[in-house]
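For reference, the structure is listed below as structure tokens.
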Amino acid sequence: MKTFFLKKLYFHINKYLEENKDKNDIRNGLPIPESAIIKQSSIIGNVKVGEHTYIEGAHIHGPKVTIGDYTTLNPDSIAIHSDKAAVVIGKFCSIARKVDIQEWNHCSKRLTTSFFPPKTFGYNFLDYMETKGDIVIGNDVWVGAQSLILSGVTIGDGAIIGANTVVSKDVPPYAIAVGSPSKVVSYRFDEDVITKLLEIKWWDWDMSKLNKHKELFLKSNLTIDDLNGLS
């Protein structure tokens, strides 16, 4: 009899999980484009979601978050917190699982780092948070799994952040940064290629131009000759 009831309980639990696997908690003040795909995520505040984004297993909270077109937040457990300053993620970015983008920290200059005073005495929670400013992630940036990005940081276009990296300072465009704290170990391309890529800004091309130059996306080890004369 006990086995029967356990089987029945597990059946209903699994049924509930299956029925709710793709449900979201959307309490957003801004419209979400129909082209965006969002699964098992919470989006709370005023989050600007771009066209053709893919967001799965993410918790995004704050009044000042922007996610660019075609950016992917891969499952699971990605957290983006923005309460005092902005978090801006560009176009065509790839954010891997368990990445934490943390715009604020507990205040270290008061009697306690705890949120006990605002919870108990009704003080403003924002007064118990401190920030170094906006987090800006450029276009075509890949952030590896379980990385932490802290406030006041700018990650340049085309950069790669290795897995388990703590980003506490700026990362130049097309740099590859790893470690805790992050350190630039190399660059994706030669300097002349990087300069040209920052000039052409392919991520701002419309779809007709992307189609026209689609062969560029198949090339490895880009050279300046591949990029010169694009129109």
Side-chain angles (χ1 to χ4, degrees), residues 36 48-55 58 65-74 78 80 82 86-103 133-231:
K48 184 178 180 181
V49 177
E51 297 284 351
H52 303 285
T53 53
Y54 182 91
I55 300 171
V65 178
T66 300
I67 301 171
D69 299 346
Y70 293 96
T71 281
T72 298
L73 276 62
N74 289 297
I78 294 171
I80 300 173
S82 165
V87 172
V88 179
I89 302 174
K91 302 174 184 177
F92 297 95
C93 291
S94 303
I95 313 296
R97 62 194 179 279
K98 294 182 171 62
V99 166
D100 195 346
I101 300 173
Q102 182 69 39
E103 172 272 317
D134 298 345
I135 294 173
V136 179
I137 300 174
N139 304 283
D140 189 32
V141 172
W142 172 22
V143 180
Q146 301 185 83
S147 293
L148 172 62
I149 301 173
L150 298 175
S151 66
V153 161
T154 295
I155 300 175
D157 296 323
I160 295 176
I161 307 300
N164 298 295
T165 295
V166 177
V167 183
S168 57
K169 57 185 177 182
D170 291 353
V171 177
Y174 288 95
I176 299 174
V178 300
S180 177
S182 59
K183 179 182 179 181
V184 173
V185 293
S186 62
Y187 285 82
R188 291 176 57 193
F189 305 110
D190 293 337
E191 186 176 351
D192 58 345
V193 174
I194 291 173
T195 299
K196 190 66 176 179
L197 287 168
L198 295 175
E199 176 188 320
I200 66 173
K201 298 182 184 296
W202 68 262
W203 43 84
D204 287 336
W205 292 354
D206 60 27
M207 188 53 67
S208 63
K209 190 168 183 177
L210 288 168
N211 273 313
K212 180 180 178 181
H213 298 294
K214 62 184 179 183
E215 71 283 352
L216 281 176
F217 296 96
L218 287 174
K219 289 182 179 290
S220 296
N221 302 315
L222 278 176
T223 68
I224 194 65
D225 291 336
D226 295 322
L227 302 175
N228 281 333
L230 293 177
S231 59

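Side chains included, hydrogens not; waters and symmetry mates left out as well; all remaining heavy atoms used.
Between H52 and D69 there is no side-chain heavy-atom pair separated by less than 4.5 Å. Using a 4.5 Å heavy-atom cutoff, the side chains of W205 and H213 are in contact. Counting heavy atoms from C-beta outward, L227 and F189 have side chains that stay 4.5 Å or more apart. In this structure the side chain of K91 reaches within 4.5 angstrom of the side chain of D204, judged on heavy atoms. Residues D157 and D140 fail the side-chain proximity criterion, which asks for heavy atoms closer than 4.5 Å. Residues I80 and L73 meet the side-chain proximity criterion, which asks for heavy atoms closer than 4.5 Å.
Closest non-hydrogen pair, S82 versus V87, comes out as CB-CG2, 3.8 Å. The nearest pair of heavy atoms linking A145 to A96 is N-CB, 3.4 Å. Residues I135 and S151 approach most closely at CG1-CA, 3.7 Å, considering heavy atoms. When every heavy atom of I137 is checked against every heavy atom of C93, the shortest pair comes out as CG2-SG, 4.3 Å.
Atom NZ of K48 sits in a sparse spot, with 12 or fewer heavy atoms from other residues, nucleotides or ligands closer than 6.0 Å. Atom CG of D206 sits in a crowded spot, with more than 12 heavy atoms from other residues, nucleotides or ligands closer than 6.0 Å. At most 12 non-hydrogen atoms from other residues, nucleotides or ligands lie less than 6.0 angstrom from CZ of R97. For CD of E191, the number of neighbouring non-hydrogen atoms (other residues, nucleotides, ligands) closer than 6.0 Å is 12 at most.
From R188, atom CZ reaches atom CG of L222 across 8.5 Å, with rounding to the nearest 0.5 Å. Atoms CG and CG, from L216 and L210 in turn, are 10.0 Å apart once rounded to the nearest 0.5 Å. A distance of 10.0 Å separates CG in L148 from OG in S182, rounded to the nearest 0.5 Å. Atoms CD1 and CG, from I95 and D100 in turn, are 12.0 Å apart once rounded to the nearest 0.5 Å. Annotation: the span from I89 atom CD1 to S94 atom OG amounts to 11.0 Å, rounded to 0.5 Å. Taking CD1 of I67 as the start and CD1 of I55 as the end, the distance is 4.0 Å to the nearest 0.5 Å.
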Enumerate donor-acceptor pairs with a distance under 3.5 Å from any side-chain N or O in residues 164-178 to protein atoms, sequence neighbours excluded.
{"unit_1": "T165", "atom_1": "OG1", "unit_2": "G162", "atom_2": "O", "d": "2.7"}
{"unit_1": "T165", "atom_1": "OG1", "unit_2": "G179", "atom_2": "N", "d": "3.2"}
{"unit_1": "D170", "atom_1": "OD1", "unit_2": "T154", "atom_2": "N", "d": "2.9"}

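Residues D192 and T195 bring no donor and acceptor atom of their side chains to less than 3.5 Å of each other.
Checking side-chain atoms of T53 against main-chain N and O of G68 turns up no donor-acceptor pair under 3.5 Å. Judged by distance alone, the side chain of N211 and the main-chain N or O of S208 form no donor-acceptor pair under 3.5 Å.
For W202, the ring-ring contact (aromatic ring centres under 6.0 Å, His included) criterion is met by F92, F217, not counting sequence neighbours.
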